[in-house]
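The structure appears below as structure tokens.
Counting starts at 1 for both ligands and their atoms, following the listed order.
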Amino acid sequence: MHDTARPDPPFRPPVATLRRDGDAIAILDQTLLPFRGETRRLESVGEVAEAIRMMRVRGAPLIGATAAYGVAIALAADGSGNEVLDRALAALGATRPTAVNLQWALARMERVLRPLAPGSRRDAAWREADAIADDDAATCAAIGRHGLALLAGIARRQGRVRVMTHCNAGWLATCGAGTALAPVYAAHVQGIAVEVLVSETRPRNQGLLTEWELRQAGVPHTLIADNAAGLLLARGEVDVVITGADRIAANGDTANKVGTLLKALAAREAGVPFYVAAPHSTLDFACADGTRIPIEDRDADELRVVRGIGNDGRVAELRLTPHDAAAANPAFDVTPARLIAGIITERGIAAPGELHGLYPEQAR
Ligand SMILES: CSC[C@H]1O[C@H](OP(=O)(O)O)[C@H](O)[C@@H]1O
């Protein structure tokens, strides 16, 4: 059970989601996971933008950090002046609209770099990108600690804790231990009987990334079809739902991977508490409520084509429908604050409408 006397060993992801490599970065190409683990070297701001847009790197905190390194790569190639900085910020900012972490990271880079003489921006950009990545790792660890208390309390009462999650909000989505999965890893390391119900998360199936992560970590888990979540919740087979987030509005309305709203509704109906785990870089106090959160529409072929492993063991794509099958592919949805029991941040757990209490400096 949870031993508060024993310090939490730092969670170390088995591989880095991204790392600096000279004047470039090396990323784990998540479009090939969980079938193949390959790194990809990104040497230009265009390559970084493509990697974010194609979801070679994905996960709100990770795309923010990756974009920050994209600015550093642009200035390393040509630190001549404001035009290079402006072009990099614009190209990276246009990649994906929903995760506010991207805009947060780019705004932080601009705040640091704009006042500097162009000649001294290069090293400052690498330093700030490193600081953003290090900050995210520390933030994930703190989210893990605060979420651990929640899971430990459930396990004390019930002898175990069954967590349902959606998409991937583990270490693959961040520069640290993850957000929604950080409390799970912390509980597992502490010997708490935690098990995870992993929703596949059509159409990009990021739940398969969560399954891969949990298998690597030895955390008991079961992969389920997205549409099975309601039944399992209704049967009382879930103690708590924890998801990540891409943008949390000032009133606590939360955008996350499409399908999150359905889980929140089913959890409410089943009387199961629904939590969101997110770092400060996901909070958007300038956004009043969820109706103002931009929802990314992605290529409908993500529904029409599925990727897997063929009989020959090679990664293959299979077309499920005719090329012109009418399809819509919104990548996120918004869960209203009234369905959220609490938001687990690096500063503690707050009711969705009371985030200003944890971040008074953000209060208007
Ligand atoms: C800590 S990751 C937060 C969030 O980001 C993911 O979106 P995507 O895989 O499209 O980048 C997903 O919504 C996660 O919950």
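The single protein non-hydrogen atom nearest to atom 13 (O) of ligand 1 is D246 OD1, 2.6 Å, given as residue, atom name and distance. Of all protein heavy atoms, the one lying nearest to atom 2 (S) of ligand 1 is A173 CB, 3.4 Å. The shortest contact between atom 3 (C) of ligand 1 and any protein heavy atom is with A245 O, 3.2 Å. Looking only at heavy atoms of the protein, atom 11 (O) of ligand 1 is closest to G59 N, 2.7 Å. Of the protein's non-hydrogen atoms, T179 OG1, 3.2 Å is the one closest to atom 1 (C) of ligand 1.
Between T174 and ligand 1, a contact under 3.5 Å exists for no N or O pair. When only interatomic distances are considered, the shortest N/O to N/O separation between N168 and ligand 1 does not fall below 3.5 Å. Between R58 and ligand 1, a contact under 3.5 Å exists for at least one N or O pair. For ligand 1, the polar-atom distance check finds an N/O of Q206 within less than 3.5 Å of one of the ligand's N/O atoms. In terms of N/O distances under 3.5 Å, ligand 1 is approached by A60.
Here the closest non-hydrogen pair linking I295 and P330 is CG2-CB, 4.3 Å. Residues R162 and G236 share a closest heavy-atom pair of NH2-O, 3.1 Å.
Of the listed residues (D284, D333, D289), just one forms a salt bridge (Lys or Arg N to Asp or Glu O under 4.0 Å) with R247, and that residue is D284.
Within ligand 1, the atoms closer than 4.0 Å to a non-hydrogen atom of N256 are 4 (C), 12 (C), 13 (O), 14 (C), 15 (O), numbered from 1 in the order shown. Of all the atoms in ligand 1, the ones that sit under 4.0 Å from a non-hydrogen atom of R96 are 8 (P), 10 (O), 11 (O).
Ion pair R121/E110 not flagged as a salt bridge, since none of the NZ, NE, NH1 or NH2 atoms sits closer than 4.0 Å to an Asp/Glu carboxylate oxygen. Look at E296 and R298 and you find a salt bridge, because one of the NZ, NE, NH1 or NH2 atoms lies within 4.0 Å of a carboxylate O, short of that distance.
Residue contacts with ligand 1 include P61, since one or more of its heavy atoms lies under 4.0 Å from the ligand. The shortest separation from a heavy atom of M55 to ligand 1 is under 4.0 Å, placing the residue in contact.
Heavy atoms from other residues, nucleotides or ligands lying under 6.0 Å from CG of D312 number more than 12.
Seen from the ring of F332, K257 counts as a face-on cation partner, given the 6.0 Å and 45° thresholds.
No donor-acceptor distance shorter than 3.5 angstrom exists from the side chain of T174 to the backbone of L172, with no hydrogens or angles considered.
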